[in-house]
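Scroll down for the structure; my scribbles are underneath it.
Residue numbers start at 1 and run along the sequence shown. First listed ligand is number 1; within each ligand, the first listed atom is number 1. Just so we're clear, the structure is a prediction, and the values are computed from it rather than from any experiment.
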Amino acid sequence: MPLQQDGSILNVTNVDIYYGTFQAVNNVSFDVKAGEIFGLLGPNGAGKTSTLSAVEGLIKPQSGNIVVAGYDIKEKSLYAKASMGVQLQANSFQSELNVAEIIQLFAGLYNVKLSDEKLKNILTDIKLEDSESKKFGQLSGGQQQRVSLALATIHHPKLLLLDEPTTGLDPQSRRQLWERMESMREQGHGILLTTHSMEEAEAVCDRIAIIDHGKIIAVNTPQSLIDLHRTDPKVIAASRKGRITLEDVFIGLTGREVRS
Ligand SMILES: Nc1ncnc2c1ncn2[C@@H]1O[C@H](COP(=O)(O)OP(=O)(O)O)[C@@H](O)[C@H]1O
Ligand SMILES: [Mg+2]
């Protein structure tokens, strides 16, 4: 599988997305490298899901280029899609299927051979070894989340896309998911996740892009973002405890106004 020369597994370049006349994503560019966890951080309505949907090939940007694992999403969409694993923001598998059936279904869709042993391994890995015949709809939020992550990675994709993966999870489940992401990073996967949690961005992201009103306003490591903006008066004004946090930078750059 071709990697870009700079080691990037995803290149997003000058992407514009409109819904009718409304521009949701405005000239967005960023790269995600293999072995990197990259966070798209922004308030509600910033354009995070729209950007991810364009990478996933679910919506067509009006302009710009998206290249996944060296494959242009317009010209080589099958190869590009085969290189990525996707976990959507709202999980809506058929709630009547049981866990084993859903895993088998996805293995079939991705053309992955699934022996009984491999299925057992997956179930053990997501700590659902005793729940294979439980219906998806009966699982807890954390359990559903673990199933959907297993499905998104069943074909060992180079790029993993996670839309607000920890929203609604309890602290234990959230920690566990962070650890899973980190172990995938060690294996060389590139991970692009969206979040509005500063804690999450600081805890797991190697680099983040802050996006607001469809525009990327900063890209850097969490620590560099703090260092670069610590003297910005708006950031200082947002600070609450005498030291500058990533959240202060975020509020300083995106404003205090609450988004719907
Ligand atoms: N299908 C759609 N039709 C019209 N507007 C949309 C649609 N999807 C999203 N939007 C609008 O585009 C903007 C960005 O939405 P979205 O990408 O979902 O943001 P985020 O994921 O950051 O919360 C929002 O103003 C949202 O209301
Ligand atoms: Mg969203």
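The shortest separation from a heavy atom of Gly20 to ligand 1 is not under 4.0 Å, leaving the residue out of contact. In this structure, Gly47 counts as a contact residue of ligand 1, since one of its heavy atoms falls inside 4.0 Å of the ligand.
Within the 4.5 Å cutoff, the side chain of Ile103 has heavy atoms near those of the Leu151 side chain.
Salt bridge annotation for Arg180-Asp125: present, with a cationic side-chain nitrogen under 4.0 angstrom from a carboxylate oxygen. Using a 4.0 Å cut-off between a side-chain N of Lys or Arg and a carboxylate O of Asp or Glu, Arg185 and Asp206 qualify as a salt bridge.
Residue-level proximity to ligand 1 for Pro43 is carried by the backbone, the only part with a heavy atom below 4.0 angstrom.
Under 2.8 Å from the Mg ion (ligand 2) lies an N/O/S atom of Thr49, whether from backbone or side chain.
Checking only distances, Phe22 never comes within under 3.5 Å of ligand 1, N or O to N or O. For Ser50, a nitrogen or oxygen atom sits less than 3.5 Å from a nitrogen or oxygen atom of ligand 1, counting backbone and side chain alike. Remark: ligand 1 and Ala46 share an N or O pair separated by less than 3.5 Å (distance only, no angle test). For ligand 1, the polar-atom distance check finds no N/O of Thr51 at less than 3.5 Å from any of the ligand's N/O atoms.
Against a heavy-atom cut-off of under 4.0 Å, Thr49 is close to the following atoms of ligand 1: 17 (O), 18 (O), 20 (P), 21 (O). Close contacts between ligand 1 and Ala24 involve ligand atoms 12 (O), 13 (C) [criterion: under 4.0 Å to a heavy atom]. Numbered from 1 in the order shown, with element, the atoms of ligand 1 that lie under 4.0 Å from a heavy atom of Asn44 read 23 (O).
Closest of all the heavy-atom pairs between Gly142 and Ser173 is CA-OG, 4.1 Å.
In summary, the side chains of Thr124 and Asn121 do not present any donor paired with an acceptor at a separation below 3.5 Å, with no hydrogens or angles considered. Side-chain atoms of Asn65 and Thr13 include no donor-acceptor pair closer than 3.5 Å. Defined by atom type and a distance below 3.5 Å, a donor-acceptor pair is present between the side-chain atoms of Thr166 and Glu200.
Heavy atoms of other residues, nucleotides or ligands lying less than 6.0 angstrom from OH of Tyr79 number 12 at most.
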